[in-house]
Structures are given as C-alpha cells and as structure tokens.
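Presented below is the structure to which this report refers.
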Amino acid sequence: KQYLEESSERKRLYNEVIELKGNIRVFCRCRPLNQAEMANGCASVAEFDTTQENELQILSSDSSKKHFKFDHVFKPEDGQEAVFAQTKPIVTSVLDGYNVCIFAYGQTGTGKTFTMEGTPENRGVNYRTLEELFRCSESKSHLMKFELSVSMLEVYNEKIRDLLVDNSNQPPKKLEVKQSAEGTQEVPGLVEAQVYNTDGVWDLLKKGYAVRSVGSTAANEQSSRSHCLLRVTVKGENLINGQRTRSHLWLVDLAGSERVGKVEVEGERLKESQFINKSLSALGDVISALASKTSHIPYRNSKLTHMLQNSLGGDCKTLMFVQISPSSADLGETLCSLNFASRVRGIESGPARKQA
Ligand code: ADP
C-alpha cells in the first residue's frame, strides 16, 4: 500500500512538472579547465550566476556575452553526486513503467563519458542509476517484482554492434532495427543480460567497454566517433493486482559533435564525420519536433532515432546533457553545442541579461 501511494505521489508530482515544462529536459555541464589549458594560459569563458542554478553566460571573442538558460546548469566544481541528484527522479521513473532516454552531447573532451560512465573512484550516471534501481526494487520487493536486464551496443557509421558479444575472432553479427508484431522497434538478436546486483553490472560494463575498444587501432579516437548505448530493460509485476510492465531506459554517450577541420577530412574520416553529423542532427530534429509538438516526427532519418523511437515522444522522458569546455580555445564549439541544445529545447538563446 505504501509503495502504491509513493508511486502515485511520484506520478502526480511528475505530471505537475510535465504540465509546466513538458517531458524534455536539458542540463548543461561545464567541466573544469584542465592542467594543459591552465599551463597554456587559456582563460575560462563560462560565467555562472550564483543565484540562478539554470543560467550561464559565455564571454565571446568580441567581449560580448551570450546568455543561455537550461533546466539546470552544473558548474565545473559540481561533482557526480550533484549531477545524479538531479537525474535520479528521471531515471527511477523507469520503475513506474516509463520509457526514458538520457543523452550526453558535446565536443570530444568535454566530459560526456565522465558524466555517463565516470571512473571507478568517481562513478557516473550509468552505474549510479543501476545502483539506485536495485535499491528501489529491493525496498519494494514485497509489493513489486522487478527483473532488470542490460544490453550494450555501439552505433558506428550507421552500423549497430553488440558490445556484449566478443566478435574479435569473427565478423560481427549484423544487427538491424525491426518492427515487432506489437508495432514497437526492436533489435532482434541483441544480447539482453539479466543482472541481479551492482557487482554483476560492473563486470558486464567492463566487458562491454573492453569489446568496444577492440578492433580499432586508436581506441579513444574511434570511441569519440561512435555512439555508445546502455539499455536497461525493466520488467515489473505488481504482486497485488498482477499488472505487468516492461520499459526501457537508454543511457547514451553520443559521438563527439565537433566539426572536423577541412584539412583532415578525407577517406574514412570524411565518411565518419558525415555519419555523425547526420545522426546528431537527426536526433536534434526529433527532439525539437517533440518539444514543439509537431505532428510528423522524423524518427527514420538515422539508426539512432529509429532504434529509440519507442523511448522518445509520447509520455517518455528525455534528458540531454550538453557538455561544454570552459576554455577560450574551445569557444566556437562551445557556442555550437549550446545553440544546438537551446534549439532542441525550443529555447532561443539571447544576448546577456542586463545586470541589476
Ligand atoms: P568526452 O567523453 O566528452 O570525450 P571525457 O569524459 O573523456 O570527454 O573527459 C575528458 C577528460 O576530462 C577526462 O580525463 C575526464 O576525466 C575529465 N573530466 C571531464 N569532466 C570532468 C569533470 N566534471 N570534473 C573533472 N574531470 C572531468
């Protein structure tokens, strides 16, 4: 009974917020200046309002200031706990039967992987989410039975690769998005590994990350040019009324959004950057179409959006982290990312606000 009350209270609060703001959120996270940037004398171009948790200003090269507003802005000193505290209500709603998508978007080196994956000492959203899902499902075990499973995949040059299958000795199995008899988009053949505790999850994630870096001479290089997706499937059974739910939570570390310099662009690199551009703009188009409540949503324009179709739109919840660097050397890319995120959210960016 207590669980049902809590769950309906959570839903009520959520619906209130959705009515006010819609179910698409954009959080901005700015990483700290790194040692090399400090040694090179790069200044920080990001300014934060100490009284407003959702605004930032970027100092442009002509000394003008551009003002941006998101659902939340994380400053360089904000740690993984602070980020997860804001993310937790969104991810845990998968236990209430909602489909949820979380994306990390931004230039390579701005902290997408740090936010999602984190490090063993400083775990990111992925691990903390699973930890929280286990905690919640444990505390409700007398009322709800939950079964959690995990899939891990990569989209590189519009090809899907299963990261829970070690293909190093054979050609990778080809995976495609197919429509099921129920009309949902599925990836037949994708491994779905049931998980029982955080240790099991951590072992699985390590395996997936290891497979990801095999087959590429420059692992870091390739990982910045592919999208890495962790999918958590939650099957729930209400022990009181027998009602069953199945929902997906997608945790997505996107390919780097940077524009590639003209000189470098040829051969493989050209193909890669065209695929990345295509899929990131397709994602932006889908989210902004959903935010503006347009009737046609162009899901089919990329593998990524096609695969996520059932988890984007409707009453699904979407969160995008736009990751930025504070360095003056990255100003151009930072403005591109912030403009992209503002467009996605349907918010226009503007000149600096007048200081009171
Ligand atoms: P991306 O995935 O966007 O290419 P990474 O997550 O690899 O970027 O981050 C680049 C480097 O910056 C890493 O060494 C990472 O640990 C560090 N870093 C990123 N964000 C933060 C942060 N908020 N606090 C501390 N270090 C960070």
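Numbering of ligands and ligand atoms starts at 1, following listing order.
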Note to self: Donor-acceptor check, side chain of Asn238 to backbone of Met144, threshold 3.5 angstrom: yes or no?
What the structure shows: no
Check: Taking C-beta and beyond as the side chain, do Arg246 and Lys235 meet within less than 4.5 Å on heavy atoms?
Finding: yes
Check: What's in the same ILVMFWY side-chain cluster as Leu33, cut-off under 4.5 Å, chained through other members?
Finding: Met38
Let me have the donor-acceptor pairs involving side chains of residues 321-337, under 3.5 Å, with sequence neighbours excluded, atom names and distances please.
{"unit_1": "Gln323", "atom_1": "OE1", "unit_2": "Thr115", "atom_2": "OG1", "d": "2.7"}
{"unit_1": "Gln323", "atom_1": "NE2", "unit_2": "Thr110", "atom_2": "O", "d": "3.1"}
{"unit_1": "Gln323", "atom_1": "NE2", "unit_2": "Gly111", "atom_2": "O", "d": "3.4"}
{"unit_1": "Ser325", "atom_1": "OG", "unit_2": "Ser327", "atom_2": "N", "d": "3.1"}
{"unit_1": "Ser325", "atom_1": "OG", "unit_2": "Asp330", "atom_2": "OD2", "d": "2.7"}
{"unit_1": "Ser327", "atom_1": "OG", "unit_2": "Ala329", "atom_2": "N", "d": "3.0"}
{"unit_1": "Ser328", "atom_1": "OG", "unit_2": "Ala43", "atom_2": "N", "d": "3.4"}
{"unit_1": "Asp330", "atom_1": "OD1", "unit_2": "Gln107", "atom_2": "NE2", "d": "3.1"}
{"unit_1": "Glu333", "atom_1": "OE2", "unit_2": "Arg259", "atom_2": "N", "d": "3.2"}
{"unit_1": "Glu333", "atom_1": "OE2", "unit_2": "Arg259", "atom_2": "NE", "d": "3.1"}
{"unit_1": "Glu333", "atom_1": "OE2", "unit_2": "Arg259", "atom_2": "NH2", "d": "3.2"}
{"unit_1": "Thr334", "atom_1": "OG1", "unit_2": "Ser325", "atom_2": "O", "d": "3.3"}
{"unit_1": "Thr334", "atom_1": "OG1", "unit_2": "Asp330", "atom_2": "O", "d": "3.0"}
{"unit_1": "Ser337", "atom_1": "OG", "unit_2": "Glu333", "atom_2": "O", "d": "3.2"}

Could you pull out every N or O of ligand 1 that sits under 3.5 Å from a protein N or O, with the distance for each pair?
{"unit_1": "ligand 1", "atom_1": "2 (O)", "unit_2": "Lys112", "atom_2": "N", "d": "3.4"}
{"unit_1": "ligand 1", "atom_1": "2 (O)", "unit_2": "Thr113", "atom_2": "N", "d": "2.9"}
{"unit_1": "ligand 1", "atom_1": "2 (O)", "unit_2": "Thr113", "atom_2": "OG1", "d": "2.7"}
{"unit_1": "ligand 1", "atom_1": "3 (O)", "unit_2": "Gly109", "atom_2": "N", "d": "3.3"}
{"unit_1": "ligand 1", "atom_1": "3 (O)", "unit_2": "Thr110", "atom_2": "N", "d": "3.2"}
{"unit_1": "ligand 1", "atom_1": "3 (O)", "unit_2": "Gly111", "atom_2": "N", "d": "3.1"}
{"unit_1": "ligand 1", "atom_1": "3 (O)", "unit_2": "Lys112", "atom_2": "N", "d": "2.9"}
{"unit_1": "ligand 1", "atom_1": "3 (O)", "unit_2": "Lys112", "atom_2": "NZ", "d": "2.8"}
{"unit_1": "ligand 1", "atom_1": "4 (O)", "unit_2": "Gly109", "atom_2": "N", "d": "2.7"}
{"unit_1": "ligand 1", "atom_1": "6 (O)", "unit_2": "Thr113", "atom_2": "N", "d": "3.3"}
{"unit_1": "ligand 1", "atom_1": "6 (O)", "unit_2": "Phe114", "atom_2": "N", "d": "2.8"}
{"unit_1": "ligand 1", "atom_1": "8 (O)", "unit_2": "Gly111", "atom_2": "N", "d": "3.0"}

Next item on the list: Could you tell me which residues satisfy salt bridge (charged side-chain N to carboxylate O under 4.0 Å, His left out) with Arg244, sequence neighbours excluded, listed by chain and number?
Entry: Glu237
Next item on the list: Assess the pair His72 and Phe70: is the distance between their ring centroids shorter than 6.0 Å?
Entry: no
